[in-house]
Number of protein chains: 2
Amino acid sequence: MKFGGTSVADLDRIRNAARKVKREVEKGYEVAVVVSAMAGKTNELVGLVRKAAATEGEGESSFYDAREYDAVVASGEQVTAGLMSIVLQEMGVPARSWQGWQVPILTNASHGAARIEEIRTEALERKFAEGLHAVVAGFQGLGPDGRITTLGRGGSDTSAVALAAALGAERCDIYTDVDGVYTTDPRITKKARKLERIAYEEMLELASLGAKVLQTRSVELAMRYKVRLQVLSSFSDEPGTLVCDEEEIMESRAVSGIAYVRDEAKLTLISVADRPGVAAAIFGPLAEAGVNVDMIVQNISEEGRTDMTFSCSVDDVPKAMKALQEARARGAINYRDLVADTEVSKVSVVGIGMRSHAGVAARMFKALADEGVNIKVITTSEIKVSVLVDRKYMELAVQALHDAFDLDKTADRLEG
Amino acid sequence: MKFGGTSVADLDRIRNAARKVKREVEKGYEVAVVVSAMAGKTNELVGLVRKAAATEGEGESSFYDAREYDAVVASGEQVTAGLMSIVLQEMGVPARSWQGWQVPILTNASHGAARIEEIRTEALERKFAEGLHAVVAGFQGLGPDGRITTLGRGGSDTSAVALAAALGAERCDIYTDVDGVYTTDPRITKKARKLERIAYEEMLELASLGAKVLQTRSVELAMRYKVRLQVLSSFSDEPGTLVCDEEEIMESRAVSGIAYVRDEAKLTLISVADRPGVAAAIFGPLAEAGVNVDMIVQNISEEGRTDMTFSCSVDDVPKAMKALQEARARGAINYRDLVADTEVSKVSVVGIGMRSHAGVAARMFKALADEGVNIKVITTSEIKVSVLVDRKYMELAVQALHDAFDLDKTADRLEG
């Protein structure tokens, strides 16, 4: 059971979370609880580190010893783990706290963004055998140098999934401030419906496409180790959404959800000399400049010349323009014009059912056409179709697609 | 170099402390810095633990798992150690933080009030050899159960002295919010003078007699391992007071300082049946009731009967009265009357020079008599004479004694 920062923001919320733990204990489970720092705490500690690293009177600095950053920031989870153990004990649930180095959760040496390499569960399991439930500080581990590491933002989800895998847990329940995974963002259409189950692959597409329920990394880890993930709310007793293997999903839908990314930009290099290696010549400098390129489309325009279009975050546009102009200046690439459209959004339909249901793309394009939404770029993968549309049509597009794929109805009715 | 909570209360103060560290590094020293939690932090964490331990809606509780208390509370020093390392690095001083378990500082299993059993300095010394100065989280260690322990309040001084002993340090500098040890409390007489040096024994008497500069435990430890302790201010560059072996003190004074305890109480058991074991019968129940008895005086009053007088803190008087009345009720002791005087203070003159200077007590009594201060109880030890006086005369007594022993003058002039 993993509780994020807002779920342990104060003692009342820690007690609320502890009651959920107690309920599972009463069902007969041995429970490992993974906790984040109390909401706001990590930011406060990071702020102290940045101020400490600055020359006096200069505000903040991002140049600091990541090992010291880890030592300072990991204290947040340590505090929550101790408090949660005390609250559980007070409720009659035998429990003890474990810091990353105590478990131990062994990571590589990448301080500030470490990867878990091994979790030794013997000590935890010995204590389970004594009837002692575990409260583990999330987000942290022990590096090969014997110093505390942290896993980077969102790392507590990763801690929880990795621990569930190491322990062979029946389930990994991620308690958060949303109560599950929806067919789309409920703020965009009231018809959005909570999914009972979703496949790992779908969740990955939804997560990376902008649905902010789970960290991509933790879903990947869950998929690799077949950890059944349940996303549910700390603040209600509603059932959540189970992220699981495709085989556990009985419903047969073409599309599970509609994702979107609001602030996308489309850049087009017009009339690029089309010779072998041109793509590398374009995207190499972009990668070096730290531009996160998303969709890439190449159109044949005229003999020996081509148009190359790609999308990235609006924030990356200045870097991207600069990198491409510099590449042209030094003769690495050749194009006639560079056009940026910063007023687009990406809308995607996602579903493992696409593999067996034909015509998903056609149905998508028709639905958008019926609403008069112009499609600017299309890309597809095995389980998703993404389009760029003008930002002013984004909500309309999501709503139209949600209707077109009957996502407000349960799969049974849809297929039955 | 040890910096207490007020000396690291915020980043400006941590920088100020770091500059003092840098100065010592520039003198060529390898420095181990011991830090406390930022002022207020420990109280905040203790408050969280007490609230967590309470049943919901019931405020605070003192019944909690001391191991979890330690895990939570030790985080305060951990944060300061990381921040101090970052600040030192920013100033160009190579440094790294060490938590208690990393050094390791091994303690016994008394969570919340652990005693240091061993400090393994090999890892620290290896890093010193690489030019890396150490910032060690004070107040904490590693218990035999592999869990974090804390040393109890004031434990950071103990950490510093123990570490200095283990490292064979030339000196242990305790930076605090006072700038040294004075002949008496400067709030009581402006003539109070800072001592350049003071012997361990004197410091112990002064500390336990109410001068709140250093924790008794850390002075005892320093004396046992011959660690030269320097007490000095974080907020000035004045030299402090060196607490050292008697042999290092060239001055030959009879008296080094005047200490006082304002809120004392005097209890007298009148006409106690005087038989063997009566003292045990009286002080046994008091110890069981948790009464900290200070001075004890027995006067012969009449045949077969005696008066027994003792002093304790005013706060302990109700417990003491109850314990003695109960002991009488069950026939364990027999006395005619029990009288409490809660309006007394203790004033003591302290000095290793008493051993060789005769007449200190006589000079003390005369000085008090000259001011019309009545002495209610007297006790003496090898290096101190303590008296109880009416609380209203306490300040007068301290001033008179300070004058009588010429403590406003340096020892040279006094003896020369």
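So you know, we letter chains A, B, ... as the sequences are listed, proteins then strands, and number each from 1. Values below: every heavy atom of this structure, side chains too, minus hydrogens, waters and symmetry copies.
- The part of A95(B) that comes within reach of chain A is its backbone (N, CA, C, O), which places non-hydrogen atoms under 4.5 angstrom from that chain.
- For L45(B), the part lying under 4.5 angstrom from a heavy atom of chain A is the side chain only.
- Most heavy-atom pairs under 4.5 Å with chain A: of the set A81(B), G76(B), G146(B), this distinction falls to G146(B).
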Short donor-acceptor contacts under 3.5 Å linking chain A with chain B:
unit_1  : atom_1 : unit_2  : atom_2 : d
R15(A)  : NH2    : K51(B)  : O      : 2.6
R15(A)  : NH2    : A54(B)  : O      : 3.4
R19(A)  : NH1    : E56(B)  : OE1    : 2.9
K51(A)  : O      : R15(B)  : NH2    : 2.6
A54(A)  : O      : R15(B)  : NH2    : 3.4
T55(A)  : OG1    : E90(B)  : OE2    : 2.8
E56(A)  : OE1    : R19(B)  : NH1    : 2.9
D65(A)  : OD2    : Q89(B)  : NE2    : 2.8
E68(A)  : OE1    : S97(B)  : OG     : 2.5
E68(A)  : OE2    : S97(B)  : N      : 2.8
A71(A)  : O      : Q78(B)  : NE2    : 3.1
Q78(A)  : OE1    : Q78(B)  : NE2    : 3.1
Q78(A)  : NE2    : A71(B)  : O      : 2.9
Q78(A)  : NE2    : Q78(B)  : OE1    : 3.2
Q89(A)  : NE2    : D65(B)  : OD2    : 2.9
E90(A)  : OE2    : T55(B)  : OG1    : 2.8
S97(A)  : N      : E68(B)  : OE2    : 2.8
S97(A)  : OG     : E68(B)  : OE1    : 2.5
Q102(A) : NE2    : G146(B) : O      : 3.3
G146(A) : O      : Q102(B) : NE2    : 3.3

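- The minimum heavy-atom distance linking V72(A) with G82(B) is given by the pair CG2-CA, 3.6 Å.
- If you measure heavy-atom distances from I14(B) to chain A, you find no contacts under 4.5 Å at all.
- Nearest approach of V49(B) to I86(A), heavy atoms of both residues: CG1-CD1, 3.7 Å.
- For L142(B), the part lying near chain A is the side chain, with the backbone staying farther off; criterion is any non-hydrogen pair under 4.5 Å.
- Among L83(B), V87(B), V73(B), V135(B), the residue with the largest count of heavy-atom pairs under 4.5 Å with chain A is L83(B).
- Applying the ring-ring contact (aromatic ring centres under 6.0 Å, His included) test to pairs two or more places apart or on separate chains, none has a residue in residues 7-26 of chain B.
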